[in-house]
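Along the sequence shown, the residues carry numbers beginning at 1.
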Amino acid sequence: MGGIEARAIRDLIDARNQAVRAGDTALVMAAMAEDVVTFDLAPPLQLVGASARDAAGMEEWLATWDGPVSVVMPDPTVVVESDLAFAHGLSRMRGIKRGEGPVDLWFRSTLCLKRGTDGWSLLHEHHSVPMKMDGSGLAATDLRP
């Protein structure tokens, strides 16, 4: 059963990332639990519930790209234990940012999921980049696996 459930979670991650590329904000938000908590790359420190599932906010972010933005989590590690699961791994975001040019960013992702009557949904999502420890306070956005 763990293999089947892990595959279902990988499929959910892939479908959600494909929805980002397609600009389908409704599908992106549909993967989130009502009580989801997100720690995303952009401020604020956290979003909870409806504010984390803000389709208008995602549409505004997608409008800052010239064309589609690609987000992939190529090889997530998935652990399933009863009705809870987590997936973690490196993610990659690529696209052309309006006024800034090409973006090719690798970052860390951890997803916590819960199984309900309708299947798996995201309960917690955490994305981050390492911080340079040289006193600059800057994110290390140039790292590659």
Quiz prompt | side-chain contact (heavy atoms from CB on, under 4.5 Å) between Arg53 and Val36, worked out | solution = CA-CA 8 Å; Arg53 294 185 324 278; Val36 67; 3.9 Å; yes
Quiz item: Heavy atoms, side chains only, cut-off 4.5 Å: are Lys114 and Asp83 in contact?
Solution: no
Exercise. Check whether any side-chain N or O of Ser136 sits under 3.5 Å from a backbone N or O of Leu138 as a donor-acceptor pair, and report yes or no.
Key: yes
Exercise. Evaluate side-chain contact (heavy atoms from CB on, under 4.5 Å) for His88 paired with His126, printing each intermediate quantity in order.
Key: CA-CA 9 Å; His88 64 87; His126 186 145; over 6 Å; no
Quiz prompt | Note: Arg115-Glu81 ion pair, threshold 4.0 Å (strictly below) | solution = no
Quiz prompt | Heavy atoms from other residues, nucleotides or ligands near CG of Asp118 exceed 12 (cutoff 6.0 Å) | solution = no
Quiz item: Does Arg16 pair with Asp11 as a salt bridge, N-O distance under 4.0 Å?
Solution: no
Quiz item: Going by heavy atoms in the side chains, are Phe107 and Met73 under 4.5 Å from each other?
Solution: no
Quiz item: If Ile, Leu, Val, Met, Phe, Trp and Tyr residues are connected whenever their side-chain heavy atoms lie under 4.5 Å apart, and connections chain through other members, are Ile96 and Leu62 in the same group?
Solution: no
Exercise. Indicate if Val71 and Met58 have the same hydrophobic cluster label, given that clusters are the connected sets of ILVMFWY residues with side-chain heavy-atom separations under 4.5 angstrom.
Key: yes
Quiz item: For Ser128, which residues count as a side chain to side chain donor-acceptor pair (under 3.5 Å) partner, sequence neighbours excluded?
Solution: Arg108
Quiz item: Can a donor-acceptor pair be found between the side chains of Thr38 and Asp40 at a distance below 3.5 Å?
Solution: no
Quiz item: For residues 92-102, which residue pairs qualify under side chain to side chain donor-acceptor pair (under 3.5 Å), counting only residues two or more places apart or in two chains?
Solution: Thr64-Lys97, Arg92-Asp104
Self-check item: Distance-only side-chain donor-acceptor flag, His127 / Ser109, under 3.5 Å
Solution: yes
Quiz item: Other than Val79, what residues sit in its cluster of Ile, Leu, Val, Met, Phe, Trp and Tyr side chains whose heavy atoms are under 4.5 Å apart, directly or through others?
Solution: Phe86
Exercise. Give the minimum heavy-atom separation between Ala140 and Val129, together with the two atoms involved.
Key: O-CB, 4.5 Å
Quiz item: Under a 4.5 Å side-chain heavy-atom rule over Ile, Leu, Val, Met, Phe, Trp and Tyr, are Val72 and Leu27 clustered together?
Solution: no
Self-check item: Stepwise side-chain contact (heavy atoms from CB on, under 4.5 Å) test for Leu47 and Val37
Solution: CA-CA 6 Å; Leu47 292 169; Val37 176; over 6 Å; no
Exercise. Answer whether the closest heavy-atom distance between the side chains of Glu5 and Trp120 falls below 4.5 Å.
Key: yes
Quiz prompt | Heavy-atom closest pair, residues Met32 and Ala52 | solution = SD-O, 3.6 Å
Quiz item: Any chain of hydrophobic side-chain contacts (each under 4.5 Å) joining Val48 to Met29?
Solution: no
Quiz prompt | From CG (Leu90) to CG (Asp75), nearest 0.5 Å | solution = 9.5 Å
Quiz item: Could you walk me through whether Leu143 and Thr141 pass the side-chain contact (heavy atoms from CB on, under 4.5 Å) check?
Solution: CA-CA 6 Å; Leu143 300 176; Thr141 59; over 6 Å; no
Quiz prompt | Sidechain-backbone polar pair: Arg21 side chain, Asn17 backbone, donor-acceptor under 3.5 Å | solution = no
Self-check item: The single option from Leu111, Asp14, Val80, Leu122 passing side-chain contact (heavy atoms from CB on, under 4.5 Å) against Ile9
Solution: Val80
Quiz item: According to a 4.5 Å side-chain heavy-atom criterion applied to Ile, Leu, Val, Met, Phe, Trp and Tyr, with indirect links allowed, do Leu113 and Phe39 form part of one hydrophobic cluster?
Solution: no
